[in-house]
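What follows is one structure encoded as structure tokens, with my remarks underneath.
None of the values given here were measured: they were computed from a predicted structure. Hydrogens, waters and symmetry mates are skipped; everything else that's a heavy atom, side chains included, is used. Below, chain A is the first sequence line, B the second, and so on; all start at residue 1.
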Amino acid sequence: MLDVKFVRSHFDQVSQMMRNRQTDMDLQPLLDLDAQRRSILVEVEELKHQRNVANEEISKLKREKKEDPARLEHMREVSQKIKALDQRLAAIEQEFKDLLLLIPNMPHESVAIGRDEKDNPVVRTWGTAPRFDFDPKAHWDVGEDLGILDFERAARMTGARFALYWGAGAALERALISFMLDVHTKRHGYTEVLPPFMVNSTSLIGTGQLPKFREDLFKLENRDFYLVPTAEVPVTNIHMTEILDEDELPKYYTAYTPCFRSEAGSHGKDTRGLIRQHQFNKVELVKLVKPETSYEELERLLQNAEAILQALDLHYRVVLLCTGDMGFSSSKTYDIEVWLPGQNTYREISSCSNFEDFQARRANLRFRRRGQSKTELLHTLNGSGLAVGRTLVAILENYQQSDGTVVIPPALRPYMGNMERIEKQR
RNA sequence: GGAGAGAUGGCCGAGUCGGCUGAAGGCGCUCGCCUGCUAAGCGAGUGUAGGACGUAGAGUUCUACCGAGGGUUCGAAUCCCUCUCUCUCCGCCA
């Protein structure tokens with residue numbers, strides 16, 4: 001959420017931002033509501049002041065065993081007026097808040113203006129694509145041929161966009177989770193947390209999934225519980241409504257959770273394989289930091305995510321998302337795209353963003369500097385470190401051999417009982 | 001699922017028959033004094049959010065908030081209703 005005062009004083013800039021993000025929304029109603037809201041506020045607060053003063057006098061009379069029925073009658077009218085105004089104010093504030101929650105974040109000045117992913121500049125490339133003396137298969141073929149991925153039975157027991165992992169496939173997924181968490185906790189200084197896999201609507205508003213992207217979520221019936229679409233939601237909200245001490249910052253958290261996404265609107269896209277599932281595993285990195293450090297923290301967060309791919313020796317590139325491709329809540333986002341030889345393309349495997357104070361304002365994430373009385377909003381960041389299913393995809397495709405087996409990257413072997421190669425499961 | 005108890009400031013905790021309680025008292029914290037050091041002692045200060053006026057910076061003032069929402073009343077932390085959460089006992093259970 002943007003600061004209303006900012007929207008008021010930078011109206012043209014915010015309007016231009018909306019166009020740069022390919023979003024169409026008229027901001028004028030928001031300003032009108034804000035003006036109404038403040039004018040009613042002045043009126044009702046004045047009446048409440050009158051009431052408070054009168055109450056003190058009535059109270060004094062009462063103690064002196066005196067009465068003033070005319071006064072009471074007058075105050076009854078004042079109270080009714082206050083009640084009516086309060087109701088109007090509440091309605092206007094609701095409408096105002098609803099609109100404000102729909103305005104996306106301001107992109108950082110370093111973000112290129114562009115329409116879609118074709119306009120995302122490549123920041124850097126790491127490693128080289130492996131060479132094959134045979135035609136590399138797509139991971140769904142590699143996985144099904146080895147008997148470690150089973151889409152058919154998953155579809156039967158649940159539905160499309162779910163997968164059943166068998167044997168070494170299941171173990172590899174689990175190994176990746178442990179490996180990633182270990183790297184981030186032991187080498188990068190993150191604290192591991194294991195949050196609930198369901199969250200309430202307040203948390204989802206806090207991080208920006210609600211109210212605008214409701215259709216992307218799975219919600220439980222008759223309860224205010226949603227399956228987490230990413231660990232970002234519970235983890236970013238850990239400290240909601242608290243006031244942290246400057247000394248406690250920065251906070252670095254890493255969490256494994258499954259992620260649940262309805263994928264509404266992506267029918268027909270990536271229908272085969274593990275790329276786009278309703279449920280997938282992810283290890284997430286979340287940072288809560290002081291504002292002046294957030295961009296430097298973003299670069300480090302990105303490097304922390306890259307370190308996983310480097311340790312697994314997987315070729316990738318980093319792109320900087322342009323204004324038209326960037327997420328609603330983000331000020332600046334880097335995507336890491338891993339090379340998938342079976343599909344001859346780069347695919348997103350991590351998205352690292354700085355949200356500045358956008359989520360902090362929504363989730364009420366504050367801190368206080370040493371010796372200062374004023375509270376300030378934190379800056380929040382997060383990134384995948386990494387999407388586990390897609391990492392498994394990358395391993396199957398990049399490490400496949402001509403005989404159909406898959407070599408396990410050396411870094412993962414300690415997590416796989418020193419297994420060196422996945423062979424056909426019996 | 002059944003029965004009961006509770007939710008007040010950073011923490012503990014008092015609020016009587018609704019009215020001078022934004023909230024006693026204590027702890028903690030900050031600043032000052034005192035002091036071989038430490039400790040103790042003394043003094044002052046110490047919630048959040050929003051609005052109005054105003055400033056170079058400051059400041060002045062009003063309103064709201066005692067789990068959340070609603071009701072009664074001239075007036076609610078205090079009374080009534082609904083919800084959420086916590087605790088205790090019983091039942092069930094990984």
Side-chain angles (χ1 to χ4, degrees), chain A residues 1-9 30-101 194-206 210 219-226 234 237-249 251 258 357 359-378:
Chain A
M1 182 161 73
L2 297 178
D3 186 353
V4 205
K5 289 178 198 144
F6 178 84
V7 180
R8 276 208 296 264
S9 57
L30 182 89
L31 291 196
D32 294 344
L33 284 167
D34 180 43
Q36 280 184 53
R37 178 187 140 253
R38 282 184 297 148
S39 101
I40 296 178
L41 209 49
V42 170
E43 195 182 342
V44 78
E45 284 190 354
E46 166 57 25
L47 286 174
K48 283 180 180 173
H49 179 54
Q50 271 182 38
R51 184 175 69 184
N52 288 344
V53 170
N55 282 341
E56 233 169 273
E57 289 166 18
I58 292 170
S59 161
K60 201 187 288 171
L61 283 182
K62 188 85 184 265
R63 261 178 279 124
E64 293 163 5
K65 309 272 190 232
K66 289 184 214 156
E67 269 182 31
D68 184 352
R71 187 88 193 254
L72 288 192
E73 184 52 38
H74 176 242
M75 289 320 293
R76 191 196 311 271
E77 281 165 30
V78 170
S79 266
Q80 270 162 10
K81 216 187 277 180
I82 290 173
K83 199 168 175 186
L85 283 174
D86 266 343
Q87 271 169 10
R88 245 180 81 206
L89 184 65
I92 287 169
E93 276 186 333
Q94 186 59 52
E95 208 182 325
F96 168 75
K97 189 95 191 278
D98 288 349
L99 276 182
L100 196 57
L101 286 172
L194 183 64
F197 297 166
M198 296 181 210
V199 288
N200 59 30
S201 51
T202 304
S203 293
L204 286 156
I205 288 168
L210 287 180
K219 184 181 187 305
L220 269 68
E221 266 187 77
N222 304 323
R223 308 211 55 165
D224 185 33
F225 289 164
Y226 296 78
N237 283 291
I238 286 176
H239 296 290
M240 76 169 124
T241 75
E242 294 177 26
I243 300 172
L244 300 174
D245 285 338
E246 178 177 20
D247 310 345
E248 300 177 70
L249 299 172
K251 298 261 191 208
D357 63 11
Q359 294 181 324
R361 189 172 290 107
R362 289 173 161 244
N364 220 346
L365 298 167
R366 294 163 296 169
F367 77 104
R368 200 191 324 262
R369 291 184 201 271
R370 197 172 254 297
Q372 297 279 308
S373 59
K374 205 80 204 108
T375 62
E376 291 178 54
L377 293 169
L378 295 166

Distance, rounded to the nearest Å, where [X] contributes [atom1] and [N] contributes [atom2]:
X        : N     : atom1 : atom2 : value
A:Lys374 : B:U48 : NZ    : C1'   : 9 Å
A:Arg368 : B:U30 : CZ    : P     : 13 Å
A:Gln80  : B:U72 : CD    : P     : 10 Å
A:Gln36  : B:G50 : CD    : C1'   : 18 Å
A:Lys5   : B:G50 : NZ    : P     : 6 Å
A:Met75  : B:G75 : CE    : P     : 8 Å
A:Asp247 : B:U30 : CG    : P     : 11 Å
A:Gln50  : B:A64 : CD    : P     : 13 Å

Taking for each residue the nucleotide of RNA chain B bearing the nearest heavy atom, is the 5' side occupied by A:Ser59 or by A:Val53?
->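 Taking each residue's closest nucleotide, the earlier one in sequence belongs to A:Ser59.
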Specify the residue among A:Gln87 and A:Leu41 whose closest nucleotide of RNA chain B lies further upstream toward the 5′ end.
->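 Closest to the 5' end, via its nearest nucleotide, is A:Leu41.
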Both distances below 3.5 Å, Watson-Crick or wobble geometry, any strand: find the nucleotide opposite [N].
N     : result
B:C34 : none
B:G45 : B:C29
B:G9  : none
B:G19 : B:C74
B:A56 : none
B:U88 : B:A3
B:A39 : none
B:C93 : none

Looking only at atom [atom1], what distance separates [N] and [M], rounded to whole Å?
N     : M     : atom1 : answer
B:C11 : B:C37 : C1'   : 30 Å
B:G25 : B:A68 : C1'   : 29 Å
B:U63 : B:G2  : P     : 45 Å
B:A3  : B:G71 : P     : 29 Å
B:U30 : B:U73 : C1'   : 43 Å
B:G9  : B:A5  : C1'   : 23 Å
B:C31 : B:A39 : P     : 14 Å
B:U72 : B:C80 : P     : 15 Å

For A:Lys81, does the NZ atom sit with more than 12 other heavy atoms under 6.0 Å from it, leaving out its own atoms?
->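 Open.
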In this structure, are over 12 heavy atoms from other groups packed under 6.0 Å from A:Glu95 atom CD?
-> no
Taking protein heavy atoms under 4.0 Å as touching, what does nucleotides 52-62 of chain B look like 5' to 3' if B marks base contact, S marks sugar-phosphate-only contact and - marks none?
-> S---------B
If you measure from CZ on A:Arg361 to CG on A:Leu100, what distance do you get to the nearest 0.5 Å?
->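 It is 8.5 Å, given to the nearest 0.5 Å.
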Find the distance between CD (A:Gln359) and CD1 (A:Ile205) and round it off to the nearest 0.5 Å.
->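 Those atoms lie 13.0 Å apart.
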Within the pair [X] and [N], is there a side-chain N or O less than 4.0 Å away from OP1 or OP2?
X        : N     : answer
A:Arg366 : B:A49 : yes
A:Arg76  : B:C74 : yes
A:Ser39  : B:G51 : no
A:Lys83  : B:U72 : yes

Does one side chain, of A:Asp224 or A:Ser201, offer a donor that lies under 3.5 Å from an acceptor on the other?
-> yes
Using only heavy-atom distances, determine whether the side chains of A:Asp32 and A:Gln36 contain a donor-acceptor pair under 3.5 Å.
-> no
Identify which nucleotide among B:G75, B:U48, B:G51 has an atom closest to any side-chain atom of A:Thr375, counting heavy atoms from C-beta outward.
-> B:U48
If you check the A:Ile243 side chain, which of B:U48, B:G51, B:C74 turns out closest?
->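 Shortest atom-to-atom distance from the side chain points to B:U48.
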One thing to verify: whether [Y] and [X] come together as a salt bridge, which I'm taking to mean a side-chain N less than 4.0 angstrom from a carboxylate O.
X       : Y       : answer
A:Glu73 : A:Arg76 : yes
A:Lys48 : A:Asp86 : yes
A:Asp34 : A:Arg8  : yes

When every non-hydrogen atom of A:Glu93 is compared with those of A:Arg37, the smallest separation belongs to OE2-NE, 3.4 Å
